[in-house]
Amino acid sequence: MAKTLWISDIQSGSFTGEVIELQGWIKRHRSSGKIIFMTIRDSTGEIQCVAKKADMNEENFDSLKNALIESSVKLTGLVKSDDRAPGGHELTISAGLIIGAVNAQNPFPITESAMEQTEGGETEFLLDNRHLYLRTSRMTTMLKIRSTIFGSIHEYFRKRDFIEYQAPSFVAGAVEGGSTLFEVPYFGRKAYLTQSWQLYAEAAMPALERLYTIAPSFRAEKSRTRRHLTEFWHAEMEIAWGGNEEVMEHGEALVRSIAKTILNERSDELESLGRDLNLISRYADSPYPRMRYDEAVETLQGMGVEIEWGQDLDYSKEKVLTKDFDVPHFLTHYPKIAKPFYHRPDPDDEKYVLCHDLLAPEGYGEIIGGGERTWSEKEILERIDEEGTPREPYEFYIDIRRYGGVPHGGFGMGVERVCSWLSGADHIREVIPFPRDSRRVTP
RNA sequence: GCCGUAUUAGCUUAGUUGGUGGAGCGGUCGGCUGUUAACCGACAGGUCGCAGGUUCAAGUCCUGCAUACGGCGCCA
């Protein structure tokens with residue numbers, strides 16, 4: 001029963017002239033008294049199948065004629081090459097079996113015309129029916145690209161001898177401000193869902209020196225944008241004996257390597273989404289420029305944008321700034337007051353911290369945030385007190401500095417943001433199977 | 001948290017200055033075709049988001065509520 005034959009192989013010509021058994025789902029269906037054309041899909045592609053009344057058992061012909069879209073089928077027939085068939089090959093059916101029928105009282109709710117008309121396909125209806133929308137070609141394509149990107153991240157780090165390392169999802173404290181934590185009951189106490197692997201990675205930094213993960217992070221932000229999820233996959237890395245510059249180099253190399261990988265392995269999928277491959281190839285090959293926060297502020301002021309030194313760069317300003325860039329670029333050296341305590345102040349000028357954000361072009365915004373960590377006991381205590389953050393929840397974090405602290409740093413990359421940008425998605429929801437945001441936890 | 005927009009058949013939607021709601025897709029039946037988002041005909045399918053109000057008359061105007069979507073803040 002296990003399937004061993006895939007439509008992509010039929011379309012590439014491997015079975016032409018052979019009688020085969022094909023398993024798949026009906027994607028399109030048109031019929032008459034004498035002939036049926038069915039487009040069958042599987043995970044690898046589509047193929048047109050033809051049943052002629054004259055060539056097969058009449059009862060069998062009628063059952064195929066009445067089959068509805070998304071019924072699963074097993075078809076036996078001869079593979080022919082035929083210019084009239086999309087993809088160049090088709091199956092002439094000699095016998096067919098409906099495996100999982102679709103009932104006419106309850107036909108497949110997602111029609112092609114509905115999807116065509118909704119551009120980008122993110123209506124409430126499609127979100128409610130996400131479990132069914134997954135099997136349509138746009139979602140399938142997105143999920144394949146997503147898989148390749150995940151694989152590419154693992155490959156990048158493993159090739160460089162990074163150790164994959166896991167942090168708990170239930171945590172006691174916050175990385176960022178406490179307002180964005182999900183609180184969960186924990187046997188009479190309160191626990192929170194993690195926002196980042198970073199603090200726990202720093203604990204293992206003196207042991208493993210080069211570490212990474214890809215794991216879910218949770219943020220209870222009521223953000224209603226095309227860049228935010230409450231549960232997202234976070235690719236993070238941490239290295240010992242390295243500073244802002246080394247971390248940034250990894251960030252750049254990682255993103256370029258992802259772009260290169262999808263270009264090599266998913267160019268058909270990218271093109272089917274209407275993506276310009278020249279663009280992706282530019283992201284894969286060009287260096288990413290660096291710009292200090294001060295330069296960014298000056299540039300913006302020169303453009304007439306109202307911004308004062310010390311203000312964080314919000315999305316509206318990022319957008320103006322990145323408008324003229326055609327590759328991702330780094331923003332570095334933010335003012336200390338705009339960033340949390342774990343960022344290390346710049347020894348050359350204590351007003352700034354050694355940090356960086358990587359901003360993607362085309363309006364996709366921030367995809368990486370990272371930098372050098374405050375690493376000495378003295379500095380971390382100063383920064384925590386300065387911010388008025390209580391010390392107690394961070395005792396373990398301070399301990400890391402008490403016992404052989406070393407310079408170190410790392411970054412976090414929003415994997416869905418990268419998927420969304422590289423695939424040219426209209427919304428971050430398009431690149432994750434079951435998106436979670438402030439208003440939706442179902443299906 | 002703030003601002004804006006929307007809600008009409010299973011889906012996508014039209015609906016004029018207020019005068020008893022149309023279409024395409026999907027479904028059923030029939031016809032027909034090497035079709036390819038097939039085509040042709042017929043049928044079924046609607047408390048116009050909910051609750052009030054104005055009016056002789058409300059899908060349409062007003063108020064409130066609900067839900068959704070879009071954007072901002074915050075961030076990856």
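In the text below, chain A, chain B and the rest are named by the order of the sequence lines, each starting its count at 1.
At a cut-off of 3.5 Å, with distance as the only test, no side-chain donor of A:W25 or A:D42 sits close to an acceptor on the other residue. A donor and an acceptor atom, one from each side chain of A:N244 and A:H356, are located under 3.5 Å apart.
Side-chain atoms of A:A104 lie closest to B:U28 of the nucleotides B:G70, B:G10, B:U28. Side chain of A:V50, nearest nucleotide from B:G34, B:G70, B:G26: B:G34. The side chain of A:R429 approaches B:C69 more closely than any other nucleotide in the set B:U35, B:C72, B:C69.
Of the P atoms belonging to B:U8 and B:U13, the separation is 9 Å, rounded to the nearest Å. For the P atom pair drawn from B:U47 and B:A9, the interatomic distance equals 8 Å after rounding to whole Å.
Checking the phosphate oxygens (OP1, OP2) of B:C75, no side-chain nitrogen or oxygen of A:R227 falls inside 4.0 Å. Listed pair A:H427 / B:G70 meets the phosphate criterion, a side-chain N or O lying under 4.0 Å from OP1 or OP2. Look at A:R224 and you won't find any side-chain N or O under 4.0 angstrom from OP1 or OP2 of B:C75.
With rounding to whole Å, A:D437 atom CG is found 11 Å from B:C69 atom C1'. Summarising the geometry, the separation between CG on A:D357 and P on B:C74 is reported as 12 Å, rounded to the nearest angstrom. Spacing between atom NZ of A:K80 and atom C1' of B:G34 amounts to 11 Å, rounded to whole angstrom units. Here B:U35 presents its P atom at 11 Å from CG of A:D82, a figure rounded to the nearest Å. Computed from coordinates, the A:F182 CZ to B:C74 P distance equals 19 Å when rounded to whole Å.
Paired with A:R373 under the rule side-chain contact (heavy atoms from CB on, under 4.5 Å), one option of A:R344, A:M205, A:E202 passes, and it is A:E202.
Sorted by first then second residue, the salt bridge (charged side-chain N to carboxylate O under 4.0 Å, His left out) pairs that include residues 141-154 of chain A, not counting sequence neighbours, are A:R146-A:E416.
In the region residues 145-158 of chain A, proximity to RNA chain B at under 4.0 angstrom, judged on heavy atoms, holds for none of the residues.
Contact annotation for A:I35: base contact, defined as any heavy-atom pair under 4.0 Å involving a base atom. As judged by a 4.0 angstrom heavy-atom cut-off over every strand, A:K222 is placed among the base-contacting residues. Here A:K52 lies in heavy-atom contact (under 4.0 Å) with a base. If you check every strand for non-hydrogen atoms under 4.0 Å, A:E366 touches sugar and phosphate atoms only. Residue A:S217 is classed as having no contact, given no heavy-atom separation below 4.0 Å to the nucleic acid.
The base of B:G1 has none of its N or O atoms less than 3.5 Å from a complementary donor or acceptor on the side chain of A:E221. A donor and an acceptor atom never sit less than 3.5 Å apart when one is taken from the side chain of A:R30 and the other from the base of B:C32. The base of B:C74 is paired with the side chain of A:S223 by a donor and an acceptor separated by under 3.5 Å. For A:T111 against B:G10, no side-chain N or O and base N or O form a donor-acceptor pair under 3.5 Å.
In this structure, A:R227 is positioned above the aromatic face of A:Y315, its NZ or CZ under 6.0 Å from the six-membered ring centre and within 45° of the axis.
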Would you write out the dot-bracket form of RNA chain B, 5' to 3', with Watson-Crick and G-U pairs under 3.5 Å, [ ] for crossing pairs, | for pairs to other strands and . for unpaired bases? (((((((..((((.....[..)))).(((((.......))))).....(((((..]....))))))))))))....
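When each of A:G33 and A:H228 is assigned the nucleotide of RNA chain B with its nearest heavy atom, A:G33 is the one assigned upstream, toward the 5' end.
At distances below 3.5 Å, at least one donor-acceptor pair connects side-chain atoms of A:Y364 with backbone N or O atoms of A:A425.
Evaluation of A:F232 against the base of B:A76 yields a stacking contact (centre distance < 5.5 Å, interplanar angle < 30°).
Salt-bridge formation is not detected for the pair A:R160/A:E155: no Lys NZ or Arg NE/NH1/NH2 atom is positioned less than 4.0 Å from an Asp or Glu carboxylate oxygen.
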